[in-house]
Protein chains: 2
Amino acid sequence: MKDFNLLSRRQQNMLRFMHNYMLERGFPPSIREIGEECDIGSTSVVNYNLNKLVDAGYIVRSGKVSRGLRIVAAIPGVAQAPRVIGLPAPNQVALVGRIAAGEPISLPEDIGHHIDEDDYIAVPPQLLGGYDEGEVFALTVRGDSMVDSMIQDGDIVILRRQNTADNGEMVAAWLPDDNETTLKHFYREADNIRLQPANMAYQPLYVHPANCEIKGKVLSVMRSFR
Amino acid sequence: MKDFNLLSRRQQNMLRFMHNYMLERGFPPSIREIGEECDIGSTSVVNYNLNKLVDAGYIVRSGKVSRGLRIVAAIPGVAQAPRVIGLPAPNQVALVGRIAAGEPISLPEDIGHHIDEDDYIAVPPQLLGGYDEGEVFALTVRGDSMVDSMIQDGDIVILRRQNTADNGEMVAAWLPDDNETTLKHFYREADNIRLQPANMAYQPLYVHPANCEIKGKVLSVMRSFR
DNA sequence: TTGACATATAAACAAATGTTCGTGTATACT
DNA sequence: AGTATACACGAACATTTGTTTATATGTCAA
């Protein structure tokens with residue numbers, strides 16, 4: 001167990017400053033910047049105490065390189081877990097388009113990677129089904145055509161990019177002949193494919209394999225009222 | 001709208017390298033390090049293309065300082081959204097119990113605040129409807145009794161604790177006479193209350209106000225398959 | 001006091017690093 | 001052809017920056 005109080009006041013200040021600096025600027029401070037902020041006249045003193053912080057396990061230094069610092073332990077009262085600033089946040093999923101009954105799904109590759117930076121949404125990890133966020137995307141549902149699948153207008157569906165599916169999985173499929181996009185449970189049968197609505201009160205849809213392009217597997221749904 | 005393909009191959013490589021470098025080392029690369037990795041002979045060329053990336057909005061540079069780089073936009077295929085410092089972390093909401101047709105809802109006060117710390121789930125901010133996570137709780141849906149409300153077995157509903165409701169809001173209500181819990185849209189009418197299922201194919205339920213205890217307002221629903 | 005040790009200071013040094021400038025090479029357009 | 005533009009190259013330059021050395025100060029214990 002690391003004891004923050006074993007550090008001198010000066011070292012604690014240095015740690016705090018380094019953390020705040022990285023939060024603000026996105027990269028670590030230089031030795032001289034630390035010195036100025038912490039009222040340390042000599043760079044060698046900063047260097048000395050930085051090595052102390054290394055010994056204490058709070059930071060790691062990359063020798064010879066400028067700003068070669070990184071915080072690797074939590075700073076009590078200041079920061080929680082260490083993290084790399086300036087990098088993308090976890091669990092942000094690309095919101096690549098919308099899904100409606102009468103039009104095909106717009107996937108990133110279809111639209112040539114025209115993804116705006118704002119078009120990302122936070123998704124809790126339990127909705128990613130263990131998949132990497134890079135292979136996952138999200139669509140906004142438009143229209144009430146998917147009530148049979150328990151999905152309504154405004155819902156956001158989280159999908160994993162894939163062109164095949166196992167029985168029972170819920171898939172996003174484009175039916176060229178019918179000119180229709182649908183979200184249903186996938187079952188391969190003798191001669192055709194059965195697309196089963198989640199709501200048992202509705203009838204399944206039987207389509208020929210040639211008339212069923214699977215665009216992705218539905219991992220989860222988020223619905224927000226109002 | 002940012003277009004990743006508008007960047008030259010070289011610029012895309014630079015972005016990717018910068019991202020990976022920061023992931024590995026915890027601080028940004030120097031101009032010369034970028035040049036070596038991306039087979040660019042001259043530092044001025046790196047500098048030139050870095051400024052292009054600034055113009056394109058992918059990075060921000062801090063002039064004159066070494067390694068003064070930071071990535072501020074998503075890199076398609078590599079990284080997702082940029083982290084915005086100061087944004088609230090994914091909110092943790094108390095998962096206080098389950099909701100099923102034939103039994104009342106167990107609210108925290110009913111069970112004496114015996115909430116285990118494990119019984120919290122991450123909920124993205126957009127599903128909290130602007131409410132504080134303290135007044136919000138979550139329930140696991142058991143059974144298929146709420147298909148009429150487009151909610152199925154296994155869904156997690158996010159609610160705000162409140163005993164009244166405005167027309168149109170979706171509420172969790174306990175009906176003492178019927179010994180039933182239900183999730184429906186709330187409409188106060190002349191003599192009674194109309195509880196309207198989200199799926200219009202189902203019939204509304206009319207109850208006397210004395211037979212309708214509102215437990216909370218439904219803010220959102222999370223559904224995870226498999 | 002003496003000595004050992006941790007910490008601090010200032011100065012000098014060497015290397016790393018961002019910047020700038022002159023020039024060259026395509027490509028597209030007039 | 002001529003011109004403009006985008007991109008690239010190499011070299012020189014000025015800072016920034018990490019490192020090292022010699023010296024000083026403080027504390028604590030023998």
Side-chain angles (χ1 to χ4, degrees), chain A residues 2-18 20-22 24-72 85-86, chain B residues 2-18 20-22 24-72:
Chain A
K2 239 176 281 296
D3 187 353
F4 190 64
N5 293 322
L6 281 185
L7 300 179
S8 72
R9 175 70 48 193
R10 187 168 256 182
Q11 285 155 5
Q12 296 182 27
N13 282 340
M14 286 170 57
L15 256 188
R16 268 189 285 264
F17 169 67
M18 287 164 54
N20 290 332
Y21 186 102
M22 293 183 70
E24 241 176 75
R25 315 274 308 261
F27 47 85
S30 70
I31 281 188
R32 282 173 178 81
E33 285 172 327
I34 297 174
E36 282 173 31
E37 186 66 22
C38 299
D39 291 313
I40 304 175
S42 174
T43 60
S44 64
V45 178
V46 178
N47 188 56
Y48 172 83
N49 285 292
L50 280 179
N51 288 331
K52 287 295 173 186
L53 288 173
V54 172
D55 293 341
Y58 282 97
I59 66 173
V60 168
R61 299 185 71 185
S62 300
K64 312 269 187 190
V65 312
S66 62
R67 302 169 189 272
L69 306 170
R70 104 186 286 180
I71 299 175
V72 296
I85 309 297
Chain B
K2 231 176 282 300
D3 187 350
F4 191 64
N5 290 327
L6 281 185
L7 301 179
S8 71
R9 176 68 51 193
R10 188 168 253 182
Q11 286 155 4
Q12 296 182 26
N13 282 340
M14 287 170 56
L15 256 187
R16 269 190 283 265
F17 169 66
M18 287 164 53
N20 291 332
Y21 187 101
M22 293 183 70
E24 240 175 77
R25 316 273 307 259
F27 48 86
S30 71
I31 282 188
R32 281 174 179 80
E33 285 171 328
I34 297 174
E36 281 174 31
E37 186 66 23
C38 301
D39 291 312
I40 304 176
S42 174
T43 60
S44 65
V45 178
V46 178
N47 186 57
Y48 172 83
N49 286 292
L50 280 179
N51 288 330
K52 287 293 172 187
L53 288 174
V54 172
D55 293 341
Y58 282 98
I59 67 173
V60 166
R61 298 184 73 184
S62 300
K64 313 269 188 190
V65 312
S66 61
R67 301 170 191 272
L69 306 170
R70 101 186 289 178
I71 299 174
V72 296

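In the text below, chain A, chain B and the rest are named by the order of the sequence lines, each starting its count at 1.
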Span of DNA chain C, from the first to the last nucleotide whose atoms fall under 4.0 Å of chain B heavy atoms: C:dT17 to C:dC21
Taking it one step at a time, do B:Glu37 and B:Asn20 satisfy side chain to side chain contact (heavy atoms under 4.5 Å, CB included)? CA-CA 11 Å; B:Glu37 186 66 23; B:Asn20 291 332; over 6 Å; no
Answer whether the closest heavy-atom distance between the side chains of B:Met18 and B:Pro28 falls below 4.5 Å. no
Can you name the ring pair (Phe, Tyr, Trp, His ring centres under 6.0 Å) partners of A:Tyr48, sequence neighbours left out? none
Taking any atom under 4.0 angstrom from a heavy atom of chain A, which nucleotides of DNA chain D are the first and last to qualify, 5' to 3'? D:dT17 to D:dT21
Interatomic spacing from CD1 in A:Ile34 to CG in A:Asn13 - rounded to 0.5 Å: 11.5 Å
For A:Thr43, the side-chain contact (heavy atoms from CB on, under 4.5 Å) test, sequence neighbours excluded, returns A:Ile31, A:Arg32
Flag, side chain of B:Arg70 to backbone of A:Arg25, donor-acceptor distance under 3.5 Å: yes
Salt bridge (charged side-chain N to carboxylate O under 4.0 Å, His left out) filter on B:Glu33, not counting sequence neighbours, yields B:Arg67
Quick check on DNA chain C: between B:Ser44 and A:Asn49, whose nearest nucleotide comes earlier from the 5' end? A:Asn49
Any residue in residues 28-38 of chain A with a heavy atom nearer than 4.0 angstrom to DNA chain D? Just list them by number, or reply none. A:Ser30, A:Ile31, A:Arg32
Set out, in order, the CA-CA distance, both residues' side-chain angles and the distance that settles side chain to side chain contact (heavy atoms under 4.5 Å, CB included) for B:Leu53 and B:Asn49, then state yes or no. CA-CA 6 Å; B:Leu53 288 174; B:Asn49 286 292; 5.7 Å; no
Side chains of B:Arg61 and B:Asn51, heavy atoms from C-beta outward: is any pair under 4.5 Å? yes
At what distance, to the nearest 0.5 angstrom, does SG of A:Cys38 lie from CZ of A:Arg16? 9.5 Å
Assuming nearest nucleotide by heavy-atom distance, tell me which of B:Arg10 and B:Lys64 is located more 5' along DNA chain D. B:Arg10
